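I have placed the structure first, in the form of structure tokens, so that the comments after it can refer back to it.
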Protein chains: 2
Amino acid sequence: MSTPHDQPAVDLAEDPNTVEGALALVRKHGGRVTSSRRFLLRVLFEVEGHHTAEELATAVQLQAPDIHISTIYRNLDELERLGVVVHSHLGHGPATYHLAAGAHGHLVCEECGATIEAPTELFAGLSRTARSRFGFDVNPHHFAVLGRCSACRSAGTHTTPTA
Amino acid sequence: MSTPHDQPAVDLAEDPNTVEGALALVRKHGGRVTSSRRFLLRVLFEVEGHHTAEELATAVQLQAPDIHISTIYRNLDELERLGVVVHSHLGHGPATYHLAAGAHGHLVCEECGATIEAPTELFAGLSRTARSRFGFDVNPHHFAVLGRCSACRSAGTHTTPTA
DNA sequence: GTCGATGCAAACGTTTTGCACACTG
DNA sequence: CAGTGTGCAAAACGTTTGCATCGAC
């Protein structure tokens, strides 16, 4: 995968895998290249893993304190429409955002909140069956699959209520 | 279907499959048998499918207008602790509640919101793999699996953005 | 009479929106 | 200069909580 970055400011195909490429995409779709957008994209490319809008806002605000969280939400929405980022719901609580390129499934423990990033193949069987039985096309990225992690299972409290 | 209700007030084993049985369970756990609880349980046993707290409140209020939605939430919580009801998240928006006896998985269309009630076996393969690969015990009931239903897929708009 | 349950209003955390102003192209 | 993006404040949404009162046992 040769990623030639000799001519950094010219080679701006609308490639959502770079900050400037994503901005080019935005521009192509009639949007403007603003500093808020660039700051947010920089943060998204720097941090790894899942982050709530609030966390992203905090990170952005280290560099540009006046960028408001509503701007973060609006920009995340737009970047999601353009396919640059995706959001996931990892249980109760706020949604988390990450670059679409790193999309994957999630297993989240209902007890301790631990998150396992699961390769999309984990869902291959489910996807196949859902497709053939129900004509349903599974998107394993948007909502996490809940359950209990091994640690909580060994700690071994309430599996079945009542009893 | 022999459902002998000759001695309606006596045969109250703590059987969560009847209104009075569930109330017996509540009492056994130190709770009181109140009319709010009975109304809510009656509604839960009468309606079928998934219902939000607000829908359940509206239904209860047809018979007892003063029962407040906070009471509905508190009672749903308690009934869930006792294993009588479960709640599920079927995508964005409010949680839905139904009797634990009818627990099942859900496939929910991200586009039109259509809900498919999927038998738990649909998740058997995923559960097995998650268990062996990650030591993770999948609970297929709590959060729906999102995706696209066949109708929306044929209608065939945006599957991949940009392109 | 004790203690759990209820109604109400108010708070909560997350996200969205209306508006006037600022900036990009 | 047209029109998109922004900051701010306020609303929206689903849910939870504090408190005084009420009701079950």
Side-chain angles (χ1 to χ4, degrees), chain A residues 12 20 22-41 50-58 60-61 63-82 84-97 113 142-143, chain B residues 9 12 20 22-41 50-58 60-61 63-82 84-85 87-97 113 142-143:
Chain A
L12 308 181
E20 295 306 319
L23 287 171
L25 232 181
V26 167
R27 189 155 33 202
K28 181 187 167 196
H29 283 258
R32 309 265 159 101
V33 175
T34 64
S35 54
S36 296
R37 294 222 233 263
R38 202 184 315 260
F39 276 122
L40 174 57
L41 280 164
H50 311 89
H51 297 278
T52 65
E54 194 164 25
E55 289 165 352
L56 295 170
T58 302
V60 163
Q61 285 159 0
Q63 317 223 31
D66 283 351
I67 294 179
H68 198 270
I69 190 158
S70 65
T71 299
I72 299 291
Y73 275 110
R74 286 191 268 228
N75 281 340
L76 286 170
D77 277 4
E78 162 131 47
L79 291 174
E80 187 151 26
R81 251 178 275 123
L82 298 179
V84 177
V85 310
V86 295
H87 77 272
S88 320
H89 300 272
L90 306 182
H92 302 142
T96 62
Y97 295 81
H142 190 181
F143 273 77
Chain B
L12 309 181
E20 296 305 320
L23 287 171
L25 231 182
V26 168
R27 187 153 37 202
K28 182 187 166 198
H29 284 257
R32 310 253 161 108
V33 175
T34 64
S35 54
S36 297
R37 294 223 232 263
R38 202 185 316 259
F39 276 122
L40 174 57
L41 280 164
H50 310 90
H51 298 278
T52 65
E54 193 163 26
E55 289 165 351
L56 294 170
T58 301
V60 163
Q61 285 159 0
Q63 316 222 30
D66 284 351
I67 294 179
H68 199 270
I69 191 158
S70 65
T71 300
I72 299 290
Y73 275 110
R74 288 191 266 231
N75 282 340
L76 286 171
D77 277 4
E78 161 130 48
L79 291 173
E80 188 151 27
R81 252 179 272 124
L82 298 178
V84 177
V85 311
H87 76 273
S88 320
H89 300 273
L90 306 181
H92 301 143
T96 62
Y97 295 81
H142 190 182
F143 274 76

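Remember, it's a predicted structure, so these values are computed and weren't measured experimentally. So you know, we letter chains A, B, ... as the sequences are listed, proteins then strands, and number each from 1.
- Look at CG on Leu79(B): it is 13 Å from C1' on dA5(C), rounded to the nearest Å.
- Pairing each heavy atom of Thr52(A) with each of Pro94(A), the nearest pair is CG2-CG, 3.7 Å.
- With Gln61(A) contributing its side chain and Asp66(A) its backbone, the two residues share no donor-acceptor pair below 3.5 Å.
- Atom CG of Leu23(A) and atom C1' of dC23(C) are 15 Å apart (whole Å).
- Near DNA chain D, defined here as any heavy-atom distance below 4.0 Å, there are no residues from residues 85-92 of chain A.
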Inset, instruction - Check the pair Arg37(A), Asn75(A) against side chain to side chain contact (heavy atoms under 4.5 Å, CB included), reporting the backbone distance first and the verdict last. - result: CA-CA 7 Å; Arg37(A) 294 222 233 263; Asn75(A) 281 340; 2.7 Å; yes
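- Following rounding to the nearest Å, His68(B) (NE2) and dA20(D) (P) show an atom-to-atom distance of 18 Å.
- Contacts between residues 69-77 of chain A and DNA chain C, defined by a heavy-atom separation under 4.0 Å, are made by Ser70(A), Tyr73(A), Arg74(A).
- Judged by distance alone, the side chain of Thr58(B) and the main-chain N or O of Glu54(B) form a donor-acceptor pair under 3.5 Å.
- Judged by closest nucleotide on DNA chain D, Ala95(B) is the one of Ser35(B) and Ala95(B) placed further toward the 5' end.
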Inset, instruction - Please assess Phe143(A) against His92(B) for the test side chain to side chain contact (heavy atoms under 4.5 Å, CB included), listing each intermediate value before the final yes or no. - result: CA-CA 10 Å; Phe143(A) 273 77; His92(B) 301 143; 4.1 Å; yes
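- Regarding Phe39(B), its CZ atom lies at a distance of 12 Å from the P atom of dA24(D), rounded to whole Å.
- Residues passing the side-chain hydrogen bond (donor to acceptor under 3.5 Å, both in side chains) test with His87(B), sequence neighbours excluded: Glu80(B), His89(B), His142(B).
- Checked against dG3(D), dG4(C), dG14(D), the side chain of Arg32(A) finds its nearest nucleotide in dG3(D).
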Inset, instruction - Kindly determine whether His51(A) and Leu56(A) satisfy side chain to side chain contact (heavy atoms under 4.5 Å, CB included), including the steps that lead there. - result: CA-CA 6 Å; His51(A) 297 278; Leu56(A) 295 170; 3.8 Å; yes
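- Val60(B) is not listed as a side-chain neighbour of Thr71(B), based on a closest heavy-atom distance of 4.5 Å or more.
- Contact annotation: Ser36(A) side-chain N/O to dT6(D) OP1/OP2 distance is under 4.0 Å.
- Rounded to whole angstrom, the span from the CZ atom of Arg38(B) across to the C1' atom of dT6(C) amounts to 16 Å.
- Side-chain N/O atoms of Thr34(A) include none lying less than 4.0 angstrom from OP1 or OP2 on dT24(C).
- Residue-level contact check: Gly31(B) touches the backbone only, with heavy atoms under 4.0 Å from sugar-phosphate atoms and none from bases.
- Looking at every heavy atom in both residues, Phe39(B) comes nearest to Ala64(B) through CE1-CB, 3.6 Å.
- By the 4.5 Å heavy-atom criterion applied to side chains, Leu23(A) and Glu20(A) are counted as neighbours.
- Listed nucleotides dT15(C), dT15(D), dT4(D) differ in distance to Arg37(A); the shortest reach to its side chain belongs to dT4(D).
- Atoms CG (Leu56(A)) and P (dT15(C)) sit 11 Å apart, rounded to a whole Å.
- The residue Ala53(B) sits apart from the nucleic acid: no heavy atom pair falls under 4.0 Å.
- Taking atom CD1 of Ile67(B) as the reference point, atom C1' of dC22(D) lies 14 Å away to the nearest angstrom.
- Distance, Glu55(B) CD to dT15(D) P: 11 Å, rounded to whole Å.
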